[in-house]
Amino acid sequence: MNAKRCTVSVVLMGLAVWMTGCSNSLVGSWENTSKPEGQAFYLHNATFKDDGTYTASAKQGEENVRLAGTYEFDGFNLKLKTPGKPERKYGATYLMAGPKLELKQDGNKQTLKKK
């Protein structure tokens, strides 16, 4: 019984360390490699800082927009919070190969590659 508890504790501690490092994996500059067609909104590029803030340029309809605000990333979901704009929530997959970040929202997908 003690060995089982010890194993569970080690797994939970490892998971906690991994989850804490998720936001750190995003830190840096990213560029869209997927050139999404027909999407009403997509990111051209984004920079995520370790203090939880981000800046980005995006395409909304025919307009180029600049974004700045805060972000949250838990390893599976990315939330972008920009004052005066709707919060954007994405299903997010961080791929170490590349590294790449795949964002999915409302059936649309875009891929960002770390610079």
Side-chain angles (χ1 to χ4, degrees):
M1 188 79 152
N2 282 340
K4 193 175 192 179
R5 281 187 191 170
C6 189
T7 301
V8 169
S9 295
V10 169
V11 169
L12 290 175
M13 284 190 317
L15 184 60
V17 168
W18 177 76
M19 292 300 286
T20 304
C22 288
S23 289
N24 289 339
S25 61
L26 246 63
V27 172
S29 296
W30 297 81
E31 186 171 38
N32 196 320
T33 62
S34 57
K35 306 298 180 208
E37 294 289 327
Q39 289 188 28
F41 178 91
Y42 64 91
L43 297 172
H44 285 295
N45 58 56
T47 300
F48 298 98
K49 296 182 180 176
D50 59 1
D51 65 358
T53 62
Y54 84 98
T55 57
S57 65
K59 185 85 165 178
Q60 186 164 10
E62 295 298 315
E63 183 181 350
N64 289 317
V65 293
R66 294 268 212 214
L67 305 170
T70 60
Y71 73 93
E72 294 175 14
F73 181 58
D74 66 6
F76 304 101
N77 298 288
L78 175 65
K79 289 182 192 176
L80 301 179
K81 299 175 183 180
T82 307
K85 305 248 185 225
E87 181 177 284
R88 298 207 174 267
K89 297 178 186 178
Y90 298 94
T93 304
Y94 175 80
L95 305 169
M96 291 172 56
K100 293 181 183 176
L101 180 66
E102 291 182 350
L103 302 177
K104 296 177 184 173
Q105 182 186 47
D106 300 328
N108 294 315
K109 179 180 159 184
Q110 54 185 303
T111 303
L112 303 174
K113 185 173 181 178
K114 199 165 198 176
K115 292 183 186 181

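Note that the structure is a prediction, hence the values are computed from the model and not measured.
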Would you say that [X] contacts [Y] through its side chain, given a criterion of any heavy-atom pair below 4.5 Å between the two side chains?
X    : Y   : result
N45  : W30 : no
D106 : F41 : no
F48  : L80 : yes

What pair of heavy atoms forms the shortest contact from [X] to [Y], and how long is it?
X    : Y    : value
L26  : K114 : C-NZ, 4.4 Å
L43  : L112 : CD1-CD1, 4.1 Å
K113 : T33  : CB-CG2, 3.5 Å
Q105 : K89  : NE2-O, 3.2 Å

Heavy atoms of other groups near E87 CD, more than 12 under 6.0 Å: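 Yes, enclosed.
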Within 6.0 angstrom of K100 NZ, more than 12 heavy atoms from elsewhere: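 No, NZ of K100 has 12 or fewer neighbouring heavy atoms, counting only those of other groups under 6.0 Å.
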Donor-acceptor pair, side chain of Q110 and main chain of Q39, under 3.5 angstrom: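 No, the answer is negative, given that no donor and acceptor are paired below the 3.5 Å cut-off.
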Main-chain N/O of L67 paired to Y54 side chain as donor or acceptor, under 3.5 Å: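 Looks like no, no N/O pair under 3.5 Å.
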Between CG on residue N77 and OG1 on residue T93, distance to nearest 0.5 Å: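 It comes to 9.5 Å.
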Value rounded to 0.5 Å, distance of CG in L101 from CG in L95: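 The CG atom of L101 sits 8.0 Å away from the CG atom of L95.
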Counterpart residues, salt bridge (Lys or Arg N to Asp or Glu O under 4.0 Å), relative to K85 (two or more places apart):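 Here no residue qualifies.
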S29 and T47 side chains, donor-acceptor separation under 3.5 Å: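 A pair is found: one side chain offers a donor N or O, the other an acceptor, under 3.5 Å apart.
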Donor-acceptor side-chain pairing of S34 and Y42 below 3.5 angstrom: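 On atom types as modelled, these side chains do not qualify, holding no pair under 3.5 Å.
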Evaluation steps, salt bridge (charged side-chain N to carboxylate O under 4.0 Å, His left out), between E72 and K81: CA-CA 8 Å; E72 294 175 14; K81 299 175 183 180; 2.8 Å; yes
Compile the donor-acceptor pairs under 3.5 Å between side chains in residues 58-65 and protein atoms, sequence neighbours left out, one pair per line.
| unit_1 | atom_1 | unit_2 | atom_2 | d |
| --- | --- | --- | --- | --- |
| N64 | OD1 | H44 | NE2 | 3.3 |

side-chain contact (heavy atoms from CB on, under 4.5 Å) between R88 and K79, intermediate numbers included: CA-CA 6 Å; R88 298 207 174 267; K79 289 182 192 176; over 6 Å; no
